[in-house]
Amino acid sequence: MKHQKAALVTGSAIRLGKAIAIALAQSGFDIALHYYSSSDKAAETQAEIRAIGVACELFPQDLADASSLETFVGQVKEKMPHLSVLVNSASAYTSGEIESTSVDMFDQQFSINLRAPFFLSKGFAKHCQSGHIINICDNKIAYNQYAYAAYLLSKKALAEFVKIAALEFAPNIRVNGVAPGVVLPADTRSDDYINWRIQGIPLQKQGTTKNITSAVVHLVDNDFMTGQVLMVDGGEAIAHIGRNATQYKADK
C-alpha cells in the first residue's frame, strides 16, 4: 500500500510518543519512528504500526547532538520523501529547584526539550518546505512551579517557540503545540498521589493518551490553525492550583 504522507515522531518507541505515532498511522500516515536508546521497544512499536497497514521505518538519533539534527531530518526525508509532519514529542524530565539544579541538569533539560525541537524544526523547514510541526509541551507552562525550574523553563520556552516558528514558517508550514495534563504519570507516582492530583482538576478525572492523540490528529487535520498550544488537561491549568509532587509530600 502506497501512502502519500508521512510523519516523524520523536521519542516514539514508548509512552506518549508511541501513542501519537500509532494514532497518526491509523490516520493513514507512514511513520518515521525516532528513538535513541530504546531499540527493542522501537522494534516492537514498528511491528505494531506496520500491522496497521502503513510503512514504518526506524531512525535512531541522539537529540542532544544539535549539530546533526538538520542532517537527520534530511535523512528521514530522503527515505520518506512524502514527509509532511514533525511531532516533537521526546522529552527530558528532571525535577529540581533552582538551588539544587546543576549545570548538567539544566543543559540536559534545555537540549532535549527546546534545542532539539528548534533545530529539528529548522531542518524540517529546510528539507520539507511545507507541512505541519507539533510540539508536545506540558500544562505546567501555566504555572511557576519552581520545584521543576529547569524543566518548566524549557517547556515554557518551547510554547513560545510555537508562536515564533508559526510566524516565520507561514504560510507553507503550520506550527502548533499540545500541552498534556495528568495523562501518563511516572511509574513512581502512587494511586494516592494521582487521586490527590485529580482533586485539583475541574473535570475530576485523569486523562488518557487518546485525549492527547485526538488533539494531535485534530491539529493535523485543521489547516486554519497555527501558533496555538492546546491545553488538554481537564481544565487544571485554568484552576490556577497546579498541584505537584513537591506540594503533595508537604501536605502529607
Side-chain angles (χ1 to χ4, degrees), residues 4-12 16-17 19-21 23-24 27-34 59 61 63 66 68-77 80-92 109-142 151-181 211-233 237:
Q4 298 303 315
K5 54 186 180 179
L8 167 59
V9 184
T10 66
S12 49
L16 183 57
I20 292 170
L24 289 173
S27 295
F29 281 84
D30 290 337
I31 301 298
L33 193 158
H34 161 265
F59 294 92
Q61 173 66 33
L63 297 184
S68 66
L69 296 182
E70 290 182 55
T71 301
F72 170 67
V73 177
Q75 292 169 343
V76 175
K77 181 71 162 61
M80 307 184 87
H82 47 309
L83 180 65
S84 61
V85 169
L86 165 65
V87 182
N88 289 308
S89 179
S91 182
Q109 302 296 286
F110 272 79
S111 67
I112 302 301
N113 298 339
L114 178 63
R115 190 176 67 185
F118 185 102
F119 286 103
L120 287 169
S121 298
K122 180 183 178 183
F124 183 86
K126 175 182 177 181
H127 294 288
C128 297
Q129 300 181 346
S130 65
H132 189 197
I133 299 169
I134 299 177
N135 294 321
I136 303 302
C137 303
D138 189 317
N139 81 325
K140 287 183 182 295
I141 61 176
Y151 168 79
L152 185 50
L153 280 171
S154 68
K155 287 294 188 177
K156 283 176 178 280
L158 182 62
E160 289 300 310
F161 176 60
V162 166
K163 293 182 282 189
I164 293 172
L167 290 173
E168 178 173 345
F169 297 153
N172 295 323
I173 296 175
R174 296 185 297 114
V175 185
N176 289 293
V178 175
N211 294 136
I212 307 304
T213 60
S214 62
V216 170
V217 172
H218 169 68
L219 287 172
V220 170
D221 289 342
N222 192 324
D223 64 2
F224 201 52
M225 289 185 69
T226 195
Q228 306 301 310
V229 177
L230 300 183
M231 287 282 185
V232 186
D233 67 349

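Remember, it's a predicted structure, so these values are computed and weren't measured experimentally.
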Quiz item: Only one of N135, I212, N139, V87 clears side-chain contact (heavy atoms from CB on, under 4.5 Å) with V178; which?
Solution: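 Checked N135, I212, N139, V87 against V178; only one passes side-chain contact (heavy atoms from CB on, under 4.5 Å): I212.
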
Quiz item: Can you name the one residue among V85, L24, L33 that meets side-chain contact (heavy atoms from CB on, under 4.5 Å) with V9?
Solution: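 In the set V85, L24, L33, the residue that makes a side-chain contact (heavy atoms from CB on, under 4.5 Å) with V9 is L24.
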
Could you report the tightest heavy-atom contact between [X] and [Y], atom names first, then the distance?
X	Y	result
A6	M80	CB-CE, 4.2 Å
A157	L114	CB-CD2, 3.7 Å
F29	S84	CE2-OG, 3.8 Å
S121	P117	OG-O, 2.7 Å
N113	A90	OD1-O, 4.4 Å
C128	K77	SG-CD, 3.8 Å

Exercise. Dump the intermediate steps for side chain to side chain contact (heavy atoms under 4.5 Å, CB included) on L230 and M225, then the final yes or no.
Key: CA-CA 11 Å; L230 300 183; M225 289 185 69; 4.0 Å; yes

Should [X] and [Y] count as side-chain neighbours, where that means a heavy-atom distance under 4.5 Å?
X	Y	answer
L16	P180	yes
F124	V76	no
Y151	D138	yes

Under the 3.5 angstrom rule, does the side chain of [X] hit a backbone N or O of [Y] as a donor-acceptor pair?
X	Y	answer
N176	I134	no
K156	I141	yes
K155	I136	yes
N88	L120	no
R174	L219	yes
T10	S89	yes
S12	H34	yes

Self-check item: ring pair (Phe, Tyr, Trp, His ring centres under 6.0 Å) against F118, all qualifying residues, sequence neighbours excluded
Solution: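 Here the qualifying residues are F161.
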
Quiz item: Which residues pass the ring pair (Phe, Tyr, Trp, His ring centres under 6.0 Å) test with F119, sequence neighbours left out?
Solution: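 If we apply the ring pair (Phe, Tyr, Trp, His ring centres under 6.0 Å) test to F119, skipping adjacent residues, there are no hits.
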
Quiz prompt | Residue pairs, two or more places apart or on separate chains, that pass salt bridge (charged side-chain N to carboxylate O under 4.0 Å, His left out) and touch residues 120-131 | solution =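 Found E70-K122.
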
Atom pairs and distances, side-chain donor-acceptor, residues 163-172, under 3.5 Å, sequence neighbours left out:
residue	atom	partner	partner atom	Å
K163	NZ	E160	OE1	3.4
K163	NZ	E160	OE2	3.1

Exercise. Could you tell me the separation between the CD1 atom of I173 and the CD atom of Q129, rounded to the nearest 0.5 Å?
Key: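 These two atoms lie 8.0 Å from each other.
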
Quiz item: Looking at CG of L158 and CG of L153, how far apart are the two atoms once the value is rounded to the nearest 0.5 Å?
Solution: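 Output value for this atom pair is 12.5 Å.
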
Quiz item: Listed by chain and number, what are the side-chain hydrogen bond (donor to acceptor under 3.5 Å, both in side chains) partners of S68, not counting sequence neighbours?
Solution: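 With sequence neighbours excluded, S68 shows a side-chain hydrogen bond (donor to acceptor under 3.5 Å, both in side chains) to Q61, D65, given in chain and number order.
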
Exercise. Can you tell me which residue pairs pass the side chain to side chain donor-acceptor pair (under 3.5 Å) test with a partner in residues 211-220, sequence neighbours excluded?
Key: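 Every pair satisfying side chain to side chain donor-acceptor pair (under 3.5 Å) with a residue in residues 211-220: T208-N211.
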
